J.: 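Sharing a structure below in structure tokens format, with a few things to ask.
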Amino acid sequence: MGDAVVDLQEVGYVVAGVTVLTSITLQLEPGEVLGVAGPNGAGKTTLLSVVATLLAPTTGSGTVLGATLGTPGAKAVRPRIGLSGHDPGLYADLTLSENIRLWARLAGVPERAADDTLARVGLAGAADRRAERCSNGMQRRVDLARLLMLEPSLLLLDEAQAGLDNSSEPIIDALIDRCRATGGGAILVSHDASRLATRTDRVETLVDGALGR
Amino acid sequence: MNFWSQALVIARRDLRIEARAGEVTGVILPFAAIAVFVVPLATDTLTVRLADLGWPVYWLVSLLFGMSVALRNSATESPTQRRHLLLLGVDPVARFAGRAGAAAVLMIAVMSVTAPLMVLFYDPDGLPPIALWAGVVVLFSTGLAMLATLAGDVTVGLRARSMLAPLLVAPLAVPLVVGSARAVESVGRGTSTLGPLMLLVIADLGLAISAIVTAQPLEEATT
């Protein structure tokens, strides 16, 4: 239990009187890829935010990368967590290159590596284009490039394939393969369980904030 | 990456975005210049000396347009962008310092353009030495930038944010306006500038301490 990448015990999350997560117990072992499927509003994004240490559980307990959730120690593992959600979070007025270089600088990664990663996702030719002039798919690829560059130990992908064409599939595969190979872990969430089945070791279903196979 | 390096990266990000978006240079600055120019047109110069209005108009314009600079849309981060910064391990206080620093630089630019216009249109008595004016502008801009950035963070995600944030800033900016106005006026009156400058310094320090204390909980609460 102590070696699990993620270990949640009876975790619940309530906000403004609304119960979003109820008694979630799950473990993610090193090298494992977990899928979480569920309909809209099931609490998938909230679950990822809890695992990413961005939200503290209101009940239960858990550890992520060895750090206890809801304690100051949890903040220390944040740079080892890679989260990609619905919104790529690019700065519209900055170019794709400037966006990824900004993250690189803050993460202490050489800018050359940032440029290389942009090339890896096939966007070297659009590096000097402002984000606001790029399609959502291109912006999503930059977000995936960010994760490739940061090499997180724990990968959290929220509807990773949304807005991406088939040419982006190898990027997601590369991210997952790296996590497996380095003994990290990955959690992929989607409303479509069939999309998760091919990439994950097991799929859990989340309905109304509660897990059930 | 240390605190100041993080703050510098954030400040450069905001200034680069402003350079592209042009909200300050293309919108706020021209309107601030027009505001300085409009008052003499609307004033009955037979009963009011324009020279007496110069500095009050200058500080009023600086306050109103300074708030616009700090609260401009291009300085607003989306929840996802804030999450990215948190996961990169960026210190919330460094993020605050970077954003307030960038806003202060832009405010200083606006005040540097409106000051000669004010002197041209109003011809106020007893101009302060440039060094004193520059020092006051830096202290005023830094304080107002911190205050507006803080107000922006407190009201993040609220539907009435665009209205609420200026309403929070205006009354709390009184010490900054009073300190700045008194410091400049003291030259004409021949009184000491020490008291008003101390008021500005204390106001800035108080705001800096408030930011240090609240940055972390505010960031956690709004992510």
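Quick note on labels: first sequence line is chain A, next is B, and so on, each numbered from 1. Values in this document were obtained by computation on a predicted structure and should not be read as measured data.
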J.: Between NE2 of B/His84 and OG of A/Ser84, what distance do you get to the nearest 0.5 Å?
T.: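 Output value for this atom pair is 6.5 Å.
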J.: Tell me, yes or no, whether the heavy-atom count around A/Asp208 atom CG, taken from other residues, nucleotides or ligands under 6.0 Å, exceeds 12.
T.: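 Incorrect, the count does not exceed 12.
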J.: Against chain A, label B/Val9 side chain, backbone, both or neither, depending on which of its atoms sit under 4.5 Å from a heavy atom there.
T.: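 Both backbone and side chain of B/Val9 come within 4.5 Å of chain A.
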J.: Of the non-hydrogen atoms in B/Leu88 and A/Ala107, which two are nearest, and what is the gap between them?
T.: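 Closest approach of B/Leu88 to A/Ala107, heavy atoms only: CD2-CB, 3.7 Å.
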J.: Could you please state which residues from residues 93-102 of chain B sit under 4.5 angstrom from chain A, measuring non-hydrogen atom to non-hydrogen atom, sorted by number, or 'none'?
T.: none
J.: Rounded at 0.5 Å granularity, tell me how far CG in A/Asp87 sits from CZ in B/Arg83.
T.: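 Output value for this atom pair is 7.5 Å.
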J.: Specify the closest pair of heavy atoms between B/Arg20 and A/Asp93, including all atoms of both residues, with the distance to one decimal.
T.: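 Shortest heavy-atom contact: NH1-O, 3.0 Å.
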J.: Going by the rule salt bridge (Lys or Arg N to Asp or Glu O under 4.0 Å), which residues pair with B/Asp91 if we only count those two or more places apart in sequence or in a different chain?
T.: none
J.: Do you know which of A/Leu90, A/Ile81, A/Thr53, A/Leu94 has the most heavy-atom pairs with chain B at a distance under 4.5 angstrom?
T.: A/Leu94
J.: Count the heavy atoms of every other residue, nucleotide or ligand shown that sit under 6.0 Å from CZ of B/Arg182, and state whether that count exceeds 12.
T.: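 For B/Arg182, atom CZ is not crowded (no more than 12 foreign heavy atoms under 6.0 Å).
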J.: What residues of residues 140-153 of chain A sit under 4.5 Å from chain B when you count only heavy atoms?
T.: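 Residues A/Asp143, A/Arg146, A/Leu150 are the ones that qualify, each having a heavy atom under 4.5 Å from chain B.
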J.: Is any side-chain heavy atom of B/Gln216 closer than 4.5 Å to one of A/Lys75?
T.: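 Result yes, sub-4.5 Å side-chain heavy-atom pair found.
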J.: Counting only heavy atoms not in A/Arg178, do more than 12 fall under 6.0 Å of its CZ?
T.: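 Yes.
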J.: Holding to salt bridge (Lys or Arg N to Asp or Glu O under 4.0 Å), I want the full list of residues that pass it with A/Arg180, two or more places apart in sequence or in another chain.
T.: A/Asp201
J.: Return the option, out of B/Glu77, B/Arg16, B/Gln6, B/Arg12, with the maximum number of heavy-atom pairs under 4.5 Å with chain A.
T.: B/Arg16
J.: From A/Leu54 CG over to B/Leu87 CG, what is the distance, rounded to the nearest 0.5 angstrom?
T.: 4.5 Å
J.: Select one option (side chain, backbone, both, neither) describing which atoms of A/Thr95 are under 4.5 Å from chain B's heavy atoms.
T.: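 Both backbone and side chain.
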J.: Let's test your reading of the structure: which of A/Ala52, A/Gly82, A/Pro88, A/Ala56 forms the most heavy-atom pairs below 4.5 Å with chain B?
T.: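 Looking at each option in turn, the highest pair count goes to A/Pro88.
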J.: Do other residues, nucleotides or ligands put more than 12 heavy atoms under 6.0 Å from B/Phe31 CZ?
T.: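 Atom CZ in B/Phe31 is not packed in, count stays at 12 or less.
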